[in-house]
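Okay, structure first, notes after.
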Amino acid sequence: MMLDRAAGLAETTRALAAGEVTSRALVELTLARIEATQGSLNAFRIVRAEAALAEAEAADRDLASGVRKPLLGVPVAVKDDMDVAGEPTAFGCCGEFPPVTEDGEAVRRLRAAGAVIVGKTNTCEFGQWPFTEGPAFGATRNPWNTEYTPGGSSGGSATAVAAGLVPAALGSDGAGSVRIPAAWTHLVGIKPQRGRVSTWPRGESFQGITVNGTLARTVADAALLLDAASGNHAQDPHRPPAVDASAAVGRDPGRLRIALSLKPPFTAVPARLLPEVRTRIVELAERLAALGHTVEEADPPYGQIGMTFVPRATAGIAERVGEAPFPALLDRRTRDAARLGRLLGGAPLRAARRAEAVLHRRIGGFFDAYDVVLAPTTAAPPPRIGALLELSGFATDRAMIAACPYAWPWNVLGWPGVNVPAGFTADGLPVGAQLLGPADSEPLLVQVAAQLEAELRWFEKWPSPPVPARSAAV
């Protein structure tokens, strides 16, 4: 049979289990697509060609013997901040890094579900910025228009999925790093509850603001990958109760009270929602109202939440810089952020961590009146390649906040959020909207996202002109 790039995670899994395709043939096709686009899109830092083919052959033996696992034989990718045994974890940095000896917990769980890890995707240095560029690997480009960034920091994973190189991929989200590139590449991106997908060997990544999440073209595929990757290492400090995201797909959420929140949360520098993006978000709100939900404008009581984010983010960067084998090769902005993190790493950091409980109570009270928040994922469409690369630290921060002021509060809270495609600008650039909920609300958010997807069928739209990718009989 033919499996083209439109075959998602669930369809690929079904075809493998039915014997309609082999894992080796799928992995060969995936590797060919990666090779054909690496020069133009540059999604991958590491391609595990030989290892992936060997893993695919092992998966085919299991399939032939009747073994069934959720992702058995399916090629997927992971971001280059995740440990894959035998590969380096450079996390966007320059230099030759030693291979790690063990899989991180999220990767271990994907392998246990039968997935074949075809490679590690590009990310900016320590995942700090909403673009995926740097001297270590060049520029990762947006398949909808290669003059623009796919966003960051999970830009490589987003590009790989949006271009149809892999059906789904893992990313990580510390200030929107799954949701922002999902918005800018027309994908579903799930940022789950803190601890849902383990970040082990780091029990807390970036002082707890960073979580691992999923990117896919459909809600069902993003939920399937989330369920496969979910779970905890024995020493994880955050162990939320299990949820079944896949079971929520297609389930009627009932009539919900949805708060349309268009005002940017507290930021130290100006941020303004561009009219073209606002129009797309309002259209999505109108669609939700037409589906029977009560939608009204209301903003969560964020207060001075930004004061709690900066100490955690910069202290996390300081930790990473302290472990970096080649600190002299790091971006000057990274070194400056680390210096700030060391200054804020004592009493300010402790105060920021204590404030989380207060924020949970205050913002949690908002969900007595509303079930879900609908907000822009970004205030602007993606910037051009290189627009932020050479800026000073302060200028980078201003540009980031102007473009992406909406995503980071949910990282402070540790609660779930789902990006859904919201359409395109007049120039054909994708933008997205966030569905945000309280603790452990992934099933509800998935229900709403799937309800929108059934109406809008965003997965039918592909980058045009098509990204070079071979289709073959498999």
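Bear in mind that the values here come from a model prediction, so they are computed numbers and not experimental data.
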Open item on the list: For a salt bridge (Lys or Arg N to Asp or Glu O under 4.0 Å) check, start with the C-alpha distance between Glu323 and Arg320, then their side-chain angles and the critical distance, and finish with the verdict.
Closed with: CA-CA 5 Å; Glu323 300 167 2; Arg320 298 283 182 150; 5.5 Å; no

Task: Thr159 (side chain) donor-acceptor with Gly156 (main chain) under 3.5 angstrom - done: no

Task: Salt-bridge contact Glu442-Lys191 (side-chain N to carboxylate O under 4.0 Å) - done: no

Open item on the list: Using side-chain heavy atoms (C-beta onward) and a distance below 4.5 Å, is Arg61 in contact with Ser23?
Closed with: no

Task: Pro463 and Trp144, any side-chain heavy atoms less than 4.5 Å apart - done: yes

Task: Side-chain ion pair, Glu55 and Arg48, N-O less than 4.0 Å - done: yes

Open item on the list: Run the side-chain contact (heavy atoms from CB on, under 4.5 Å) test on Tyr148 and Leu429 for me, step by step, so that the C-alpha distance in whole Å, both residues' side-chain angles and the decisive distance to 0.1 Å come before the verdict.
Closed with: CA-CA 9 Å; Tyr148 291 82; Leu429 296 172; 3.7 Å; yes

- [ ] Could you tell me whether Arg312 and Glu356 make a salt bridge, using a distance below 4.0 angstrom between a side-chain N and a carboxylate O?
- [x] yes

Task: salt_bridge(Glu28, Arg24) N-O dist < 4.0 Å - done: yes

Open item on the list: Tell me if a side-chain donor or acceptor on Glu125 pairs with a main-chain N or O of Asp331 at a distance below 3.5 Å.
Closed with: yes

- [ ] Compute the ring centroids of Phe459 and His186, then answer whether they are less than 6.0 Å apart.
- [x] no

Task: Check: Asp440 side chain, Gln193 main-chain N or O, donor-acceptor pair, under 3.5 Å - done: no

Open item on the list: Check this for me: does any side-chain nitrogen of one of Glu20 and Arg14 sit under 4.0 Å from a carboxylate oxygen of the other?
Closed with: yes

Task: Under 3.5 Å donor-acceptor, Arg194 side chain and His238 backbone - done: no

Task: Cation-pi check, Arg179 onto Trp408 ring (under 6.0 Å, within 45° of axis) - done: no

Task: Single hit among Val372, Leu435, Val243 for side-chain contact (heavy atoms from CB on, under 4.5 Å) with Leu444 - done: Val372

Open item on the list: Whether Arg217 and Glu453 form a salt bridge (side-chain N of Lys/Arg under 4.0 Å from carboxylate O of Asp/Glu) is what I want to check.
Closed with: no

Open item on the list: Donor-acceptor pair, distance only, cut-off 3.5 Å: does the side chain of Asp227 make one with the backbone of Ser246?
Closed with: yes

Open item on the list: Does any part of the side chain of Thr396, heavy atoms only, come nearer than 4.5 Å to the side chain of Trp129, both counted from C-beta?
Closed with: yes

Task: 4.5 Å side-chain heavy-atom contact, Gln434 and Val418 - done: no

TODO: Test Leu170 against Leu225 for side-chain contact (heavy atoms from CB on, under 4.5 Å), laying out the working first.
DONE: CA-CA 8 Å; Leu170 282 186; Leu225 191 65; 4.0 Å; yes

Open item on the list: Please give me the minimum heavy-atom distance between Thr37 and Arg33, naming the atom from each residue.
Closed with: OG1-O, 2.9 Å

Open item on the list: Salt bridge or not between Glu105 and Arg108? Use side-chain N to carboxylate O under 4.0 Å.
Closed with: yes

Open item on the list: Test your reading of the model: is there a side-chain donor-acceptor pair from Arg141 to the backbone of Leu41, 3.5 Å cut-off?
Closed with: no

- [ ] Would you mind reporting whether Asn42 and Asn122 have side-chain heavy atoms less than 4.5 Å apart?
- [x] yes

Task: Student check: side-chain heavy atoms of Asp83 and Asp103 closer than 4.5 Å - done: no

